[in-house]
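The block underneath contains the structure these notes are about, expressed in C-alpha cells.
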Number of protein chains: 4
Amino acid sequence: MRDRVAEIVDSDRFQWMIVGVIVVNAITLGCETSPELVAAYGGLFDAVDHLALAIFAAELVARLYAHRLRFFRDGWNCFDFFVVVVALLPAAGPLSVLRSLRILRALRLVSMVPSMRRVVTALVRSIPGLVSLTGLLVLLLYVGAVIANDLFRGTGDPRFADLGSTALTLFQITTGDGWSDVMRDLMVKQPLAWMFFLAYLLVGTFTMLNLFIAVVCSAMESEVRPAEDEVLAEIRALREELSRR
Amino acid sequence: MRDRVAEIVDSDRFQWMIVGVIVVNAITLGCETSPELVAAYGGLFDAVDHLALAIFAAELVARLYAHRLRFFRDGWNCFDFFVVVVALLPAAGPLSVLRSLRILRALRLVSMVPSMRRVVTALVRSIPGLVSLTGLLVLLLYVGAVIANDLFRGTGDPRFADLGSTALTLFQITTGDGWSDVMRDLMVKQPLAWMFFLAYLLVGTFTMLNLFIAVVCSAMESEVRPAEDEVLAEIRALREELSRR
Amino acid sequence: MRDRVAEIVDSDRFQWMIVGVIVVNAITLGCETSPELVAAYGGLFDAVDHLALAIFAAELVARLYAHRLRFFRDGWNCFDFFVVVVALLPAAGPLSVLRSLRILRALRLVSMVPSMRRVVTALVRSIPGLVSLTGLLVLLLYVGAVIANDLFRGTGDPRFADLGSTALTLFQITTGDGWSDVMRDLMVKQPLAWMFFLAYLLVGTFTMLNLFIAVVCSAMESEVRPAEDEVLAEIRALREELSRR
Amino acid sequence: MRDRVAEIVDSDRFQWMIVGVIVVNAITLGCETSPELVAAYGGLFDAVDHLALAIFAAELVARLYAHRLRFFRDGWNCFDFFVVVVALLPAAGPLSVLRSLRILRALRLVSMVPSMRRVVTALVRSIPGLVSLTGLLVLLLYVGAVIANDLFRGTGDPRFADLGSTALTLFQITTGDGWSDVMRDLMVKQPLAWMFFLAYLLVGTFTMLNLFIAVVCSAMESEVRPAEDEVLAEIRALREELSRR
C-alpha cells in the first residue's frame, strides 16, 4: 500500500498535475489583486484557492505517508510543508498578513521543475562562503550607523533621526542610490559631512567588490579544479606505469 | 543562371554596396526626425527611402532565387526577410507604429559585417544557459508584485495601484534606480515597509549576482576547457606510445 | 611569570571573554544613540563603557608584558593598541569628535574572530596591486576637476563653485548617481556641457572597469597558478625519473 | 654631442626633475581656479606656468634632437608633443577653450611614471577587442533614438525633442541613472511607454553585460594561456626525449 502511494506521488504525471495546480492558483491569486475581477469572479477565485489548498494538503499527506520521516530530510519538502501549513492557519486578526503570503505557494514551482531546482540549490550552496564577508558588512553598517547618528543627529534630518533610520540610510548609500542627495542635504548644516560619506563609500564599496570577487573566484575554482585534477591523475598513472616496468 | 545570381549576391562587392545603401538609408531616416530637414528635403528623403526599400526587396528576391528554401535555414536571412516585409506592409491606420520600425533596417548592418555578426551570434548563444535563472527572476517578480500590491495598495501610491504597476515598480527596484525614494514615500503611511524592500532587494540582487556569475563561469569554461583537453590529449598520446613499446 | 601571562592571554577562554566584552560594549554604545534609553539607563551605559575600557587596557598591558615589543610586529595588535589609546584620550574640547570613534572598538571583533581576520587580511593584501590604477583615477579626478571648474564656474552652479566642490561632483558622476541631473542643470546655460560629461563618463568608467578586471584577474591568478605549478612539478619529476634510468 | 644630449634626457635625475616640474605646474594650475589665490599670487602662478612651459619646450627640443624622428614612433612621445604644442598656441579668441586644456599637461605624469605607464598601456591594448561590441552599442543607440524620437516627440518632453537629446536620454537610461523618472513622466501621456523602456533596458543591459564579460574573458585568457603553454611544452619535451632513446 505504502509503495503504491509512493509510486503515484513520485510519478511524472502526478508531478505535472501539481505544477498545473500551482500555476492556476498563482494566476487566480494574481487576479485577486484587481478589485474589478474580484467583484465579478470573487467566488470562483475563492473556490479555486480552496480546491488548490485541499489538493496540496492531500499531496503532502500522501507524500508524508509514503516517505515517512525521511520526507523532512529534503529541504525542498520542508519548504513545501511550511508553505501549505502557513496557508491552513486562520488568516484573521494579527495573522492577516499571512493572507499575503499565500502567493508564496507559487514558489513551489521551483521545487517541482528540476532545472530551477538546480539553480536554487546552487544559490543556496554559495551562501556559507559568504558568511564571513556578510558579517563584516553588517559590522561595518552597525559601526557606521553609530558614528553617523552621533555626527548628524543634531542636523534634524529625519534620515538620521535614530539608529534604525541611520542604518537604513547607510544601506541606501552602500547601494549607491541617491547618496549625493543625502550628502548635499547634510552639507548645508555640516560642511565636512563629505569626509564621512567618502570614507564610508570607499570602505563599503571596496568590501562589496571583494565579496563579489570571492564569489566569482570560488565559483571559478570549482570549475577549474576538476580539470586540473584530471590532468594530475593522468600524469600520476603514467608515472606509476613507468616505475612498475 | 541560378549559379550566376548566387555568385553575384554572395560577392564582396555586392555586399559592400548593400552596406552602403543601409548606411545611407539609416542616415536619411535619422534626418527625418528633424521637422526642419523634412520641410527642406522631405521629398529627397522619401525618394531615398523608397529606392533603398526597392533595392532591399530586389536583393531579397535574388537571394531567395539563388539559395531557394535553404535561405531560411540561416537565422540572419530570416531577420533580413522580416525587416523588409515589415517595411512593405501599408503603414497606415492601426499599423502606423510600424513606420517607426523602418529604422530596424539599420540593424541589417549587423548581419552584413562579419565581426558584428560574430558578436551577436555569441550573445544569442549565451541565452539558453540563462533561461532557468531568468524564469526564476520572473517568478520572484510575480510573487513579489502580488505581495507588494496586497501590502501597499491601501496607501494610494499610484506606483502600487494595480498588479502591472507594482511589477514595474519592483523591476525598477531591482535595477536599483530610486528604490529609496519609493521606500521613503511608503514609510510615511506604512513604517514597516522597509522590511519588504530590504528582503526583496537582498533576494533579487543575490539572484541577479548569481545569474551574472553563471554567465561569466560558462564563458570562462569554454575558454579553459580546450586548453585542458589539449594537455590531456598530449599526456594520453604519450602514455599510449610508452605502452606500445 | 611572563610565560604564565602569555599562556592566559593566548588561551581560547580569555579570547572569548574579550569577544563578549566587545559585543556588550558595542550594544551599549548603540543604545546610547537613543535619548530615551540614555535618560533611563545612562549611568549603566557609562559604567559598562568604563568597565569595558578598563578590561581592554588591562588586556593590552598584559599582552604587551607577555609579548614585549614583538607585540607591535602584528598589524592587528597595532590596531587594538590604537583603538584603546584613542579611547583613553580626554574627549573634550577640540577632541570631542573622538567620542564618536569609541564605537571603532567594535571592529576589534574582526581581529578576534579568525574567519573575519582572514577576510580582512585578504582585503588588505589586494591593496598594493591597486595603487597604480587608484593613482590614475585620482589624477583623472584632479585634471577633470580643474577643467570642469574652468568651464562651468561661470554658470553659478554651487556644485562647481570651487575646486573641492567640483572634485566631489565629479566623484559623484563617476559613481553614476544622479549624473544626468547635474548635466541637465548645466545644459540650460551651457548647451555643450554634455560633451564634457560624456567624455568624462566614458574615460572614468572604462578605467574603473579595468581596475575591477585587474583585481579579478590577479585574484584568479593566485587561484589557477598553484594548480598549474603542481602539474608542472609532477611532469618534471617524471622526466627526471626517466633520465635517471 | 647628440649622444651626450641623449644621455642627459634619458637619465633618471633629469626625468625626476621633469616630474617635479609637472607636479608643481599642476598645483599652480589648480590654485588658479580660486579667485582669492589668483588675486594674491596671480603673478607668481603665471611666472611658474611660463617657466614650466619653457622647460617642457626645451626638453622636447632636446629629446627631438637626441632621438630624431624615432621620437615619434613612441605613442607617449606623441602625447607629450601634442600637450606642449597645444600650450604654445595663442589662447585667445575662438581658441580660448584651449586655456582650460593646459591642465592636460598633468597627464604627462602618466608617461613619466613607469607603473602608471604600464597600466595605461594595458588599458589602450584592451581597446581593439572592444571595437565590434562598441559599434553594436552605438548602432543600438542610434536605432533606439530614432524609434524613441518618433514615439515620444509628440509628448513635448524636452528630453525627446530632437535626435541628439533623445540619444543622450537613451544613453542616460543605459547607465541606469533615473530611467524610472523619465519613464513615469512619459507614461502620463503615453501609458504604453514602459514597453519601449523595458525592451531597450533588457537589450542594452544584456549587450553591456556581454561586452564586460568579453573583456574579462580575454584578460583571463592571456593569464591562463601561458601557464597551459608551459605545461604543453614540458610534456612535448618529455615525449621527444623518450622517442629519441
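Residue numbering restarts at 1 for every chain, and letters A, B, ... go by the order of the sequence lines.
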- Message: So D/Asn149 and B/Glu32, do their side chains get closer than 4.5 Å, heavy atoms only?
- Response: no

- Give a yes or no on whether D/Phe82 atom CZ has more than 12 heavy-atom contacts from other residues, nucleotides or ligands under 6.0 Å away. no

- Query: Taking all atoms of both residues into account, what is the closest heavy-atom pair of D/Arg153 and B/Ser34, and its distance?
  - Reply: NH1-N, 4.4 Å

- Query: For D/Phe79, does the CZ atom sit with more than 12 other heavy atoms under 6.0 Å from it, leaving out its own atoms?
  - Reply: yes

- Task: Please check if atom CE in D/Met195 has more than 12 non-hydrogen atoms from other residues, nucleotides or ligands closer than 6.0 Å.
- Result: no

- Message: I'd like to know which of D/Thr207, D/Leu136, D/Thr166 tops the heavy-atom pair count under 4.5 Å against chain B.
- Response: D/Leu136

- Item | Among the listed options B/Leu168, B/Leu29, B/Leu109, B/Val120, the residue most often paired with chain D at heavy-atom distances under 4.5 Å | B/Leu168

- Item | Verdict with supporting geometry, B/Thr169 and D/Arg184, side-chain contact (heavy atoms from CB on, under 4.5 Å) | CA-CA 10 Å; B/Thr169 307; D/Arg184 283 186 208 284; 3.5 Å; yes

- Message: Heavy-atom pairs under 4.5 Å with chain D: which of B/Arg118, B/Met116, B/Arg105 has the most?
- Response: B/Met116

- Given that the side chain runs from C-beta out, which part of B/Thr175 has a heavy atom under 4.5 Å from chain D: side chain, backbone, both or neither? side chain

- Item | Separation of D/Ser180 OG from B/Trp179 CH2 (nearest 0.5 Å) | 13.5 Å

- Smallest heavy-atom separation, D/Asp177 atom then B/Asp177 atom, equals C-OD1, 3.9 Å

- Query: D/Trp194 versus chain B, heavy atoms under 4.5 Å apart: side chain, backbone, both or neither?
  - Reply: side chain

- Message: Side chains of D/Ile147 and B/Leu104, heavy atoms from C-beta outward: is any pair under 4.5 Å?
- Response: yes

- Output every pair passing salt bridge (charged side-chain N to carboxylate O under 4.0 Å, His left out) with a member in residues 155-173 of chain D, not counting sequence neighbours, ordered by first then second residue. D/Asp157-D/Arg159, D/Arg159-D/Asp185

- Query: Hey, which of D/Ala145, D/Gly135, D/Gly178 has the most heavy atom pairs under 4.5 Å with chain B?
  - Reply: D/Gly178

- Exam field: side chain D/Tyr142 to backbone B/Ala106, donor-acceptor pair closer than 3.5 Å: no

